[in-house]
Amino acid sequence: MLIAILSLTLLGSLLGLGLGVAAKKFHVEGDPLTAEIEALMPGSNCGQCGFPGCPGAAAAIADGSAPVTVCPPGGKALAQALAAKLGISIDLGEVADQGPQIAAVAEEICIGCCRCIKVCPTDAILGAAKQIHNVIREACTGCGNCIDRCPTEAMTMQPVPVTLQHWIWPKPEMVGA
Amino acid sequence: MTTYLLLLISTALVNNVVLVKFLGLCPFMGVSKNMDSALGMGLATTFVITLACGASWMLEHWLLEPFDLVYLRILTFILVIAATVQFVEMVVKKSAPALYQALGIYLPLITTNCAVLGLALLTVQEKMSFIDTLVYGFGSALGFTLVMLMFAGLRERLALANVPAAFSGAPVSFILASLLSLAFMGFAGLNFQ
């Protein structure tokens with residue numbers, strides 16, 4: 001018993017040490033710009049941009065093969081931040097942005113099939129079989145994966161409801177507009 | 001010398017790891033879409049299998065058997081294989097970034113390639129000597145690379161062929177794999193006497 005534990009511990013630490021040394025020796029300098037862009041992205045790896053997750057999209061944006069407007073959940077705010085980071089100017093009018101949206105369940109038609117729960121990348125949908133589901137607003141990134149999965153069209157994208165945390169003072173109305 | 005040559009032929013062709021023993025089918029189907037990545041995958045796996053077989057022999061004879069720990073065989077072998085694959089991943093990322101991109105997720109998945117663990121366990125069960133183990137592992141890995149290359153070449157041509165819609169994509173690849181397997185069964189008739 002003791003010798004088994006000791007030998008496995010020794011083996012594990014030796015291999016770990018070896019790999020640690022190898023990691024230092026074969027270290028590849030990543031593109032610092034890619035890392036900075038990745039930090040700005042939503043990070044939910046929803047895949048709506050067509051790249052393998054946010055790291056893939058960040059690499060594509062960094063080498064210029066993807067526009068800064070590639071991220072639908074990020075919307076205008078992210079496009080603006082990325083454009084500022086990369087020092088390019090973009091036409092924000094092109095970005096179809098209805099303001100941030102999150103998923104919502106229409107409780108009268110939800111049949112409790114659990115399909116939307118399985119595709120949610122952030123585990124934002126709460127529910128069990130034959131129980132009406134609900135969306136945890138703080139966790140939903142608005143990737144829209146669940147919309148197509150719902151057999152009864154009970155999942156819809158809704159504008160983020162105004163709460164005390166979100167409310168902003170409305171802009172003054174233009175006189176004579 | 002003849003023994004080693006026969007061992008090489010036996011492991012690479014007659015007892016081919018993919019088409020006769022049916023081990024390592026995941027990369028066989030997954031990374032055989034073009035020749036370049038198939039060759040890269042074959043070479044990476046060759047390196048891992050040879051190293052893993054050698055390391056497993058040392059573990060078995062210097063650690064597990066003397067201390068009566070044979071029941072820890074699978075655990076220790078997987079540990080060594082995982083470490084080897086990590087090492088190969090670092091080397092490939094440093095020396096061939098294009099290959100690293102092409103192999104993608106299949107490179108770390110060599111860890112779970114059953115051919116690697118299968119061969120390490122087989123060599124230990126057959127109670128081979130150290131050199132025999134290395135030749136056995138290397139030969140099997142060569143067979144793996146050969147089959148990967150053949151299959152990738154065939155699939156590249158198959159992509160241009162006019163396949164019935166119901167069979168296009170994966171189904172026709174499976175039929176192709178079974179035909180290739182049938183062809184490799186023919187090597188069982190090799191006789192060197």
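Quick note on labels: first sequence line is chain A, next is B, and so on, each numbered from 1. Values below: all heavy atoms of this structure, side chains included; hydrogens, waters and symmetry mates excluded. Just so it is clear, the model here is predicted, and its values are computed rather than measured.
- Contacts of Gln131(A) classified as side-chain hydrogen bond (donor to acceptor under 3.5 Å, both in side chains), with partners at least two apart in sequence or in another chain: none.
- Side-chain contacts under 4.5 Å among hydrophobic residues (ILVMFWY), followed directly or transitively, place Met155(A) together with Val105(A), Ile117(A), Ile125(A), Val135(A), Ile147(A), Met157(A).
- Counting heavy-atom neighbours within 6.0 Å of Ile74(B) CD1, excluding the residue itself, gives a total of 12 or less.
- Put simply, Met35(B) and Met41(B) are part of two different groups of oily side chains (I, L, V, M, F, W, Y) that touch within less than 4.5 Å, one to the next.
- For Leu64(B), no part lies under 4.5 angstrom from a heavy atom of chain A.
- Of the inter-residue distances, the one linking Leu2(A) atom CG with Phe67(B) atom CZ reads 11.5 Å to the nearest 0.5 angstrom.
- For Phe167(B), the CZ atom counts as loosely surrounded, since its 6.0 Å shell holds 12 or fewer non-hydrogen atoms of other residues, nucleotides or ligands.
- In this structure, the portions of Leu79(B) lying under 4.5 Å from any heavy atom of chain A include both its backbone and its side chain.
- The local environment of CZ in Phe77(B) is crowded, with over 12 non-hydrogen atoms from other residues, nucleotides or ligands closer than 6.0 Å.
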Between chain A and chain B, which N and O donor-acceptor pairs fall under 3.5 Å? A table would be great.
unit_1   : atom_1 : unit_2   : atom_2 : d
His27(A) : O      : Lys94(B) : NZ     : 3.2

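- Summarising the geometry of Phe87(B) relative to Leu19(A), their closest heavy-atom pair is N-CD2, 3.8 Å, with the distance given to 0.1 Å.
- Residue Val18(B) is not grouped with residue Leu39(B) when hydrophobic side chains (ILVMFWY) are merged at heavy-atom distances under 4.5 angstrom, including chains of intermediate members.
- For Leu15(A), the part lying near chain B is the side chain, with the backbone staying farther off; criterion is any non-hydrogen pair under 4.5 Å.
- Grouping the Ile, Leu, Val, Met, Phe, Trp and Tyr side chains by contacts below 4.5 angstrom, directly or via other members, places Leu149(B) apart from Leu176(B).
- With sequence neighbours left out, the ring pair (Phe, Tyr, Trp, His ring centres under 6.0 Å) criterion links Phe187(B) to Phe184(B).
- The candidate from Gly16(A), Ala22(A), Gly18(A), Gly12(A) with the greatest count of non-hydrogen atom pairs under 4.5 Å with chain B is Ala22(A).
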